[in-house]
Amino acid sequence: MTGDLQLTCSDCGQEFTFTAADQAFFRERGYAAPKRCKACRQAKKMDQGGGGGGYGGGGGGYRSAQTQGTTVICAGCGQQTTVPFEPRGDRPVFCRSCYQAQSGGGGRDSRRPRGGGRY
Ligand SMILES: [Zn+2]
Ligand SMILES: [Zn+2]
């Protein structure tokens with residue numbers, strides 16, 4: 001039986017507990033002992049997140065109840081972006097720069113119903 005280990009985080013220098021359960025878990029997976037505390041590890045993870053491609057969601061029921069925004073793929077450049085609304089399927093969603101390029105771009109044929117003087 002192994003006990004808990006006190007390790008020192010290489011990032012923030014704080015001591016953190018590497019519990020026996022965690023040790024078993026790490027050994028099972030073939031991981032080396034962690035060098036960072038949980039908080040720093042999580043910060044690191046957030047840092048790296050969103051990098052590599054190939055993470056095209058398979059459409060699993062990942063529907064967060066957050067109203068922060070929805071992650072979508074820009075119809076213009078194909079990059080992942082976040083929009084502050086829930087896109088409907090019937091119109092393409094653009095990232096901010098593509099959207100601005102579209103609406104702010106050339107002033108050709110602005111089809112704006114310029115009817116009455118009211119807004
Ligand atoms: Zn730390
Ligand atoms: Zn775009």
Side-chain angles (χ1 to χ4, degrees):
M1 251 333 234
T2 45
D4 292 356
L5 276 176
Q6 284 300 116
L7 299 179
T8 307
C9 173
S10 69
D11 263 24
C12 64
Q14 300 233 31
E15 286 215 328
F16 64 98
T17 308
F18 189 30
T19 63
D22 277 349
Q23 290 172 51
F25 178 82
F26 270 61
R27 204 171 315 145
E28 212 167 87
R29 304 260 167 147
Y31 295 155
K35 291 206 177 87
R36 295 178 184 84
C37 69
K38 214 169 202 177
C40 287
R41 249 184 293 156
Q42 236 146 40
K44 202 88 183 169
K45 219 190 259 173
M46 301 268 273
D47 228 36
Q48 292 170 346
Y55 189 61
Y62 184 77
R63 222 171 227 221
S64 68
Q66 283 185 3
T67 45
Q68 289 280 11
T70 313
T71 303
V72 296
I73 302 296
C74 169
C77 60
Q79 300 226 40
Q80 214 177 60
T81 183
T82 308
V83 292
F85 54 88
E86 185 148 329
R88 324 178 83 195
D90 58 348
R91 55 177 59 196
V93 184
F94 296 98
C95 70
R96 187 182 288 205
S97 56
C98 286
Y99 182 78
Q100 271 173 1
Q102 281 219 333
S103 60
R108 63 144 108 126
D109 173 353
S110 63
R111 45 196 210 125
R112 207 178 271 185
R114 265 235 154 151
R118 274 197 217 186
Y119 280 93

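Ligands are counted one by one from 1 in listed order, and the atoms in each one are counted from 1 as well. Quantities reported herein were computed from a predicted structural model and do not represent experimental measurements. FYI, the numbering just counts along the sequence from 1.
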Review point. To the nearest 10°, how many degrees is the angle Cys95 SG to the Zn ion (ligand 2) to Cys98 SG?
Key: 100°
Point to revise | Nearby protein N/O/S atoms (those under 2.8 Å) for the Zn ion (ligand 1), with water ignored | key: Cys9 SG, Cys12 SG, Cys37 SG, Cys40 SG
Check your understanding: How far apart are the closest heavy atoms of Ile73 and Gly78, and which atoms are they?
Key -> CG2-O, 3.5 Å
Practice item. List, by chain and then residue number, the residues other than Tyr99 in its hydrophobic cluster (Ile/Leu/Val/Met/Phe/Trp/Tyr, side-chain heavy atoms under 4.5 Å); write none if there are no others. Key: Phe94
Practice item. Report yes or no: does Asp4 contribute a side-chain atom to a donor-acceptor pair with the main-chain N or O of Ala20 at less than 3.5 Å? Key: yes
Practice item. Check whether any side-chain N or O of Gln79 sits under 3.5 Å from a backbone N or O of Cys74 as a donor-acceptor pair, and report yes or no. Key: no
Practice item. Answer yes if the side chains of Gln14 and Thr8 hold a donor-acceptor pair under 3.5 Å, and no otherwise. Key: no
Practice item. Can you see which heavy atom on Cys37 is nearest to which on Cys9, and at what distance? Key: N-SG, 3.4 Å
